[in-house]
Amino acid sequence: MPPEERSSEVFDETEEVFANNMDNTSNGHLPAAEKETEPEVEYDDRFEDPPFLSIMSAYLCLFLLVVFGHFRDLLRKWGFDKTMDTSEFGNEGFVPLYNDFEAFYTRNVWQRVLHYWCHPLAGVPGANIEIWDRKFGSFNENIRLQDTKRNYLNIGSYNYLGFAENNGRCSEETIKEIRDKLGTTTASPRSELGTLNVHEELENLIAGFLGKDACLVFGMGFATNSMNMAALVDDGCLLISDELNHASLILGARLSGAKIKVFRHNNMKHLEKILKTSIVEGQPRTRRPWKKIMIVVEGIYSMEGTSCNLPKIVELKKKYKAYLYVDEAHSVGAMGKTGRGICEHYGVAPEDIDILMGTFSKSFGAAGGYIASDKDIVAHLRKESHAQVYSSAMSPPVARQILASTEAIMGVDGSGEGQRRIRQLKENTRFFRTELQKRGYILYGELDSPVVPLLICSIARLCAFAKTSLANGLAPVVVGFPATPILGARARFCLSASHTREQLQWLIDLMERCEPVLGLKLSSRHKQKLKS
């Protein structure tokens, strides 16, 4: 059925429901019992708030940073202090290309703590990782790379199944591809002279792995979202997006020209309200039915560790005849009994998802992305996708790495290594989350999510945690404002099948030793359990 007819059909059905409800009420509102009914979903995705004192200390810390930042800007303006920021010169009479005031946070906060980020790697991102030493000048300017390097426990890379390695079958297959077969690049887009047998073999394998009719692979994961959305929706269409969707989805939605509406994270009542009102009201000004409506969510949200409420979303998608686009960048390979992602995790049939998108840079230890769907949609993308027509094809050795890791996950290589890693990742994730939570740390996300955000709240405490970790041989990823809310500063642990139980226990013991100084146990729920 054409999208216009689907939208019109749902419009009529929803109007009829609204009319019946209006007839049953004298004041024009929905019945009280209907308003108070909660959706029957066995799903708890609430975030625990930090205690009041932590909130106040975080705001006080930011207040002092802002005050001293303005004071230093004043000194810079008068020539008493220098700035490491770039400035525009010679453009008198022109509007500046960038606003100097907008760089206030970068100038006065980021520059102060730059040495806790942007670490240059010196080896494979396995369970342990080597990082080059750096030397910083005053105020972190003039960063100089040293000849020495150190070994750290790697708890920040997306190497969920441990396939990003320099030995074993995957790396051997990749080396053979370069040396004996197709070299390093096609030097051409897929639509011209860039399609190779290895690409078609990979697409067929991924489609079968995910349970979809067809698949299309791309050389860059970010571009898989940002460059394909415009080929699926355009002016006159509606995109309904989760508020915590990745930047690639946001960029793709904006480039598409479609109308964008945002629903609160994993709030199914809010999503249904937007669907219902959008169908009834239609397009702005003209009130014509939407050409198509598409819901856009992620399987695992990379900053929160939460998963989308897929069963309820599919239910709403079917009820209101909308399309569904699921980004499985962090869930494919890492979720589900056999690594088939969020659909397998929740027991949802793959055919209920119109567009399954994912990347190869996490569980597969490679690079690039894919879109899996029915044959007609994939054929359409082959002709219309900017990422297919204008960018170079996926590198042959990268495709070979993905083939080898996917075959291991599926078990077709006969080694059983893929399933062993999936089980190990699940055991590591559950052990680590359970141990930290029962000790009183605030963790976001669900039990099986390998993305484990630890709420720290204050940027001062965040920097202290980063400094202490690096000094003790731990390489963490710490994230603060503006990448998170002001009170959402966090350390993001990414677990891997490569981690051993001993390494995770060492990390837990390290956090316990540092707790008296850092004060990271912010959970009030844990304290309530101890009292009871």
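Every value quoted in this text rests on a predicted model; they were computed, and no experiment measured them.
- When side chains are defined from C-beta on, Phe432 does not count as touching His499, because their heavy atoms never get closer than 4.5 Å.
- Atom OG1 in Thr429 sits 10.0 Å away from atom CD in Glu427 (nearest 0.5 Å).
- If you check the side chains of Gln503 and Asn128, you find a donor sitting under 3.5 Å from an acceptor.
- Under a 3.5 Å cut-off, the side chain of Glu298 and the backbone N or O of His246 do form a donor-acceptor pair.
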Checking Cys61 against Leu65 for the side-chain contact (heavy atoms from CB on, under 4.5 Å) test, could you report, in this order, the C-alpha distance in whole Å, the side-chain angles of both residues, the deciding distance, and whether it holds? CA-CA 6 Å; Cys61 176; Leu65 284 172; 4.2 Å; yes
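- Here OG of Ser54 is found 5.0 Å from CZ of Arg461. Values are rounded to the nearest 0.5 Å.
- Closest heavy-atom contact between Ile300 and Ser449: CG2-OG, 3.8 Å.
- Classification of Lys438 and Glu435 as a salt-bridged pair holds, one side-chain N sitting under 4.0 Å from a carboxylate O.
- For the salt bridge (charged side-chain N to carboxylate O under 4.0 Å, His left out) criterion with Asp133, the lone passing option out of Arg144, Arg150, Lys149 is Arg150.
- For Phe465 against Ala491, the heavy-atom pair with the smallest separation is CE2-CB, 3.5 Å.
- Looking at Ile143 and Cys118, their side chains never come closer than 4.5 Å, going by heavy atoms from C-beta outward.
- Here the closest heavy-atom approach between residue Ile442 and residue Pro50 is recorded as CD1-CA, 4.2 Å.
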Ring pair (Phe, Tyr, Trp, His ring centres under 6.0 Å) between His265 and Tyr301, intermediate numbers included
CA-CA 10 Å; His265 178 54; Tyr301 292 85; 4.6 Å; yes
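- Between Lys521 and Glu512 there is a salt bridge, with a side-chain nitrogen of the basic residue lying less than 4.0 Å from a carboxylate oxygen of the acidic one.
- Put simply, the side chain of Phe80 does not reach to within 4.5 Å of the side chain of Leu74, judged on heavy atoms.
- A salt bridge links Glu315 with Lys312: at least one charged nitrogen is closer than 4.0 Å to a carboxylate oxygen.
- Not counting sequence neighbours, Asp49 has no partner by the side-chain contact (heavy atoms from CB on, under 4.5 Å) test.
- Listed by chain and residue number, Trp117 satisfy the ring-ring contact (aromatic ring centres under 6.0 Å, His included) test with Trp110 (two or more places apart in sequence, or in another chain).
- In this structure, Arg513 places its CZ atom where more than 12 heavy-atom neighbours from other residues, nucleotides or ligands lie under 6.0 Å away.
- Checked by atom type and distance alone, the side chain of Asn166 never pairs as donor or acceptor with a backbone atom of Ser171 at under 3.5 Å.
- In this structure, Phe68 places its CZ atom where only 12 or fewer heavy-atom neighbours from other residues, nucleotides or ligands lie under 6.0 Å away.
- One side chain, Glu48 or Ser523, offers a donor N or O that lies under 3.5 Å from an acceptor on the other.
- With sequence neighbours excluded, the residues satisfying side-chain contact (heavy atoms from CB on, under 4.5 Å) with Ala483 are Val479.
- Taken to the nearest 0.5 Å, the SG atom of Cys308 stands 4.5 Å off from the CD1 atom of Ile313.
- A cation-pi arrangement is present between Lys362 and Tyr158 under the rule of less than 6.0 angstrom and at most 45 degrees off the ring axis.
- Applying the ring-ring contact (aromatic ring centres under 6.0 Å, His included) rule to Phe360 yields the partners Phe364, Tyr370; only residues at least two apart in sequence or on another chain are considered.
- Taking CG from Asn428 and CZ from Phe431, the interatomic distance works out to 8.5 Å, rounded to the nearest 0.5 Å.
- Distance CG/Leu153 to CG/Leu504: 7.5 Å, rounded to 0.5 Å.
- Not a single donor-acceptor pair under 3.5 Å links the side chain of Arg492 to the backbone N or O of Gly156.
- Side-chain contact of Ser307 with His345: a donor-acceptor pair under 3.5 Å is absent, judged by distance alone.
- For the residue pair Ser496 and Asn159, no side-chain donor N or O sits within less than 3.5 Å of a side-chain acceptor on the partner.
- Here the closest non-hydrogen pair linking Ala253 and Leu239 is CB-CD1, 3.5 Å.
- Take Val66 and apply the side-chain contact (heavy atoms from CB on, under 4.5 Å) test, not counting sequence neighbours, and it matches His70, Phe104.
- Remark: the backbone N or O of Glu173 is not paired with any side-chain donor or acceptor of Arg400 at under 3.5 angstrom.
- Under the 3.5 Å distance criterion, the side-chain polar atoms of Arg264 are left unmatched by any main-chain donor or acceptor of Glu243.
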Please evaluate residues Thr338 and Ile409 with respect to the criterion side-chain contact (heavy atoms from CB on, under 4.5 Å), reporting the C-alpha separation (whole Å), side-chain torsions for both, the decisive distance (0.1 Å), and the verdict. CA-CA 7 Å; Thr338 62; Ile409 294 172; over 6 Å; no
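- Here the closest non-hydrogen pair linking Ile459 and Tyr105 is CD1-OH, 3.5 Å.
- Counting only distance, with no hydrogens or angles, the side chain of Asp242 and the backbone of Val297 share no donor-acceptor pair below 3.5 Å.
- Side-chain contact check for Leu249 versus Tyr325: some heavy-atom pair is nearer than 4.5 Å.
- With respect to Glu515 and Arg439, no salt bridge is recorded, no charged nitrogen being found less than 4.0 Å from a carboxylate O.
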Margin query: Show, in sequence, the C-alpha distance, side-chain angles and deciding distance for Ile353 and Leu310, and conclude whether the side-chain contact (heavy atoms from CB on, under 4.5 Å) test is met.
Written below: CA-CA 10 Å; Ile353 315 299; Leu310 192 60; 3.9 Å; yes
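- Remark: side-chain polar atoms of Asn309 are not paired, donor with acceptor, to backbone N or O of Asn266 under 3.5 angstrom.
- When the options Thr359, Thr224, Asn225 are evaluated for a side chain to side chain donor-acceptor pair (under 3.5 Å) with Asp327, the one that passes is Asn225.
- Residue pairs that meet the side chain to side chain donor-acceptor pair (under 3.5 Å) test with at least one member in residues 463-479, sequence neighbours left out, do not exist here.
- Counting all heavy atoms, side chain and backbone alike, Ile155 lies closest to Pro476 at CG2-CA, 3.7 Å.
- Between the Ser405 side chain and the Ile402 main chain, a donor and an acceptor come within less than 3.5 Å of each other.
- A donor-acceptor pair is defined here as one N or O able to donate and one able to accept, closer than 3.5 Å; such a pair exists between the side chain of Arg433 and the backbone of Glu446.
- A donor-acceptor pair is defined here as one N or O able to donate and one able to accept, closer than 3.5 Å; no such pair exists between the side chain of Ser363 and the backbone of Leu161.
- By the 6.0 Å and 45° rule, Arg490 does not stack over the aromatic ring of Tyr444.
- In this structure, Met357 and Asn228 have side chains that are not in contact, with every pair of non-hydrogen atoms separated by 4.5 Å or more.
- Heavy atoms from other residues, nucleotides or ligands lying under 6.0 Å from CZ of Arg420 number more than 12.
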- Given the rule in the side-chain contact (heavy atoms from CB on, under 4.5 Å) test, do Phe71 and Val67 qualify, once you have shown the distances and angles that lead to the verdict? CA-CA 6 Å; Phe71 179 67; Val67 170; 5.7 Å; no
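- Taking CZ of Arg340 as the start and CD1 of Ile422 as the end, the distance is 8.5 Å to the nearest 0.5 Å.
- Under the 4.5 Å side-chain criterion, counting only non-hydrogen atoms from C-beta, Arg254 is not in contact with Met229.
- Residues Phe263 and Met268 are in side-chain contact: their nearest non-hydrogen atoms beyond the backbone lie under 4.5 Å apart.
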